[in-house]
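Only a predicted model underlies this, so the values are computations on that prediction, with no experimental measurement involved. Residue numbers start at 1 and run along the sequence shown.
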Amino acid sequence: MSTGAKKVVVFDYGFGNVRSAERALAHVGADVEITRDYDRAAAADGLLVPGVGAFAACMKGLREARGDWLVERRLAGGRPVMGICVGMQILFGRGIEHGVEAEGLDEWPGTVEQLNAPVVPHMGWNTVKAPEDSRLFAGLDEDARYYFVHSYAVRTWELEVTNPKIAAPKVTWATHGEPFVAAVENGPLWATQFHPEKSGDAGAQLLRNWLDTL
């Protein structure tokens with residue numbers, strides 16, 4: 001590994017596919033460490049927060065590992081954080097699964113709820129519609145496909161930015177039965193509903209784009 005490689009911590013709080021994320025990031029040139037050590041995660045160039053399973057369980061595990069404080073601390077200092085799958089969902093205000101409501105990190109307003117689609121879960125490859133000036137999807141074709149595995153999503157983007165001096169988040173959409181938020185770029189906080197680490201060459205390019213911002 002070259003000395004110029006960016007240091008990325010994959011935060012291991014018990015609810016993420018950390019090994020596949022580690023391999024994918026190493027493949028695109030990152031110096032990767034899997035840890036739940038707060039200080040090491042706080043000091044890294046980039047923090048990746050994966051997530052699988054139920055919203056409420058992920059939030060419980062994250063709080064027990066002080067991950068909520070970690071994300072807040074990094075973002076307060078403009079330090080990059082990226083969430084994947086449920087690691088993206090918990091960045092929103094709340095999640096509702098099987099009638100149970102749980103609080104999220106509330107970095108963005110919004111509710112994670114079940115997709116209104118003929119077939120759930122949404123499992124497999126799908127295209128997305130990204131903003132033209134997206135840095136996350138830079139160099140990727142419009143027909144590129146990404147790998148999704150989820151039953152819940154954010155169906156309505158609620159954050160409104162009225163201050164012209166503040167850049168509005170870039171929101172990428174996908175459709176499965178109905179439109180839902182597939183990715184967000186918001187200053188140092190980026191996130192994807194799909195799994196870039198399972199999305200082949202397109203996912204590798206997307207991770208490379210993130211590393212380029214660190």
Check your understanding: For D201, does the CG atom sit with more than 12 other heavy atoms under 6.0 Å from it, leaving out its own atoms?
Key -> no

Exercise for review: Calculate, to the nearest 0.5 Å, the distance between atoms CD and CG belonging to E178 and N116 respectively.
Suggested key: 5.0 Å

**Study point:** Any side-chain heavy-atom pair of H27 and R23 under 4.5 Å
**Key:** no

Check your understanding: To the nearest 0.5 Å, what is the distance between CZ (R73) and CG (D68)?
Key -> 13.5 Å

Point to revise | K198 (side chain) donor-acceptor with Y147 (main chain) under 3.5 angstrom | key: no

**Study point:** C58 versus V52, closest heavy-atom pair with distance
**Key:** SG-O, 3.2 Å

Check your understanding: What residues, two or more places apart in sequence or in another chain, satisfy side chain to side chain contact (heavy atoms under 4.5 Å, CB included) together with A202?
Key -> L140, A144, Y146

**Study point:** Rounded distance (nearest 0.5 Å) linking atom CG of D12 with atom CG of L48
**Key:** 11.5 Å

Point to revise | Joint hydrophobic cluster, L206 plus V81, side-chain heavy atoms closer than 4.5 Å | key: no

Quick one: side chains of residues 186-197, donor-acceptor pairs under 3.5 Å with protein atoms, not counting sequence neighbours, listed by atom name and distance.
from	atom 1	to	atom 2	distance (Å)
N186	OD1	W108	NE1	2.6
W190	NE1	G187	O	3.2
T192	OG1	F194	O	2.9
Q193	OE1	Q89	NE2	3.0
H195	ND1	E197	OE2	2.8

Review point. Can you tell me if CZ on R63 sees more than 12 non-hydrogen neighbours from other groups inside 6.0 Å?
Key: yes

Distance-only donor-acceptor hits, side chain of residues 96-106, under 3.5 Å, sequence neighbours excluded:
from	atom 1	to	atom 2	distance (Å)
E97	OE2	F55	N	3.0
E101	OE1	R94	NH1	3.0
E101	OE2	R94	NH1	3.1

Exercise for review: Not counting sequence neighbours, which residues clear side-chain hydrogen bond (donor to acceptor under 3.5 Å, both in side chains) with D37? List them please.
Suggested key: none

Practice item. Would you check if V10 and L25 make a side-chain contact, meaning some heavy-atom pair closer than 4.5 Å? Key: yes

**Study point:** Spacing of L207 atom CG and D212 atom CG [to the nearest 0.5 Å]
**Key:** 11.0 Å

Show me the side-chain donor-acceptor pairs of residues 156-166 shorter than 3.5 Å, one per line, residues at least two apart or across chains.
from	atom 1	to	atom 2	distance (Å)
W157	NE1	L159	O	3.2
N163	OD1	K165	N	2.9

**Study point:** Least distance between heavy atoms, P169 atom then V184 atom
**Key:** CB-CG1, 4.2 Å

Review point. Are side-chain heavy atoms of D45 and V8 found at a separation under 4.5 Å?
Key: no

Point to revise | Cluster overlap V71 with V112, hydrophobic side-chain contacts below 4.5 Å | key: yes

Check your understanding: Can you name the ring-ring contact (aromatic ring centres under 6.0 Å, His included) partners of W69, sequence neighbours left out?
Key -> none

Check your understanding: Going only through I, L, V, M, F, W and Y residues with side-chain contacts under 4.5 Å, is there a path from F180 to L91?
Key -> no

Exercise for review: May I ask you to say whether R40 pairs ionically with E33, meaning some side-chain N is under 4.0 Å from a carboxylate O?
Suggested key: yes

Practice item. Taking all non-hydrogen atoms of both residues into account, name the closest pair between Q114 and R155 and its distance. Key: O-NH1, 3.3 Å

Point to revise | Backbone N/O of P50 and side chain of Y13: donor-acceptor pair under 3.5 Å | key: yes

Practice item. Indicate the atoms forming the closest heavy-atom contact of P109 with F92, along with that distance. Key: O-CD2, 3.5 Å

Check your understanding: Any side-chain heavy atom of F11 sitting closer than 4.5 Å to one from L62?
Key -> yes

Review point. Around K129, counting heavy atoms of other residues, nucleotides and ligands shown, do more than 12 lie under 6.0 Å from its NZ?
Key: no

Exercise for review: Please examine the side chains of W125 and S199, heavy atoms only from C-beta on, and report whether any two atoms are closer than 4.5 Å.
Suggested key: yes

Point to revise | Intermediate values then yes/no, side-chain contact (heavy atoms from CB on, under 4.5 Å), R135 and N209 | key: CA-CA 7 Å; R135 298 175 68 190; N209 288 343; over 6 Å; no

Check your understanding: Is a side-chain donor or acceptor of R74 paired with a backbone partner of A44 at a separation under 3.5 angstrom?
Key -> yes

Check your understanding: Hey, mind stepping through R79 and L47 against side-chain contact (heavy atoms from CB on, under 4.5 Å) and telling me if it holds?
Key -> CA-CA 8 Å; R79 309 276 289 167; L47 176 71; over 6 Å; no

Check your understanding: Are L75 and I84 in one and the same hydrophobic cluster, where Ile, Leu, Val, Met, Phe, Trp and Tyr link if side-chain heavy atoms are under 4.5 Å apart?
Key -> no

Exercise for review: Would you indicate whether K60, at its atom NZ, is surrounded by more than 12 heavy atoms from other residues, nucleotides or ligands within a distance under 6.0 Å?
Suggested key: no

Practice item. Please answer: with hydrophobic residues joined when any side-chain heavy atoms are less than 4.5 Å apart, are V154 and V171 in the same cluster? Key: yes

Check your understanding: With a 4.5 Å limit on heavy-atom distance, are the side chains of S151 and L115 in contact?
Key -> no

Review point. Do V86 and F15 pass the side-chain contact (heavy atoms from CB on, under 4.5 Å) test, and can you show the C-alpha distance, the side-chain angles, and the key distance before you say yes or no?
Key: CA-CA 9 Å; V86 184; F15 289 88; over 6 Å; no

Check your understanding: Does M123 offer a backbone N or O that forms a donor-acceptor pair with the side chain of H176 under 3.5 Å?
Key -> no

Practice item. Answer whether the closest heavy-atom distance between the side chains of V181 and M88 falls below 4.5 Å. Key: yes

Review point. Distance from K6 atom NZ to L211 atom CG, nearest 0.5 Å?
Key: 9.0 Å

Exercise for review: Evaluate whether atom CZ of R208 has more than 12 neighbouring non-hydrogen atoms of other residues, nucleotides or ligands under 6.0 angstrom away.
Suggested key: yes

Check your understanding: So do T175 and W173 actually touch side chain to side chain, heavy atoms under 4.5 Å?
Key -> no

Check your understanding: Just how far is it from atom CG of D133 to atom CD of E185, taken to the nearest 0.5 Å?
Key -> 8.0 Å

Review point. Parallel, tilted or perpendicular for F148 and H150, by the 30°/60° rule?
Key: tilted

Review point. Would a distance-only check, ignoring hydrogens and angles, find a side-chain to backbone donor-acceptor pair under 3.5 Å from T213 to W210?
Key: yes

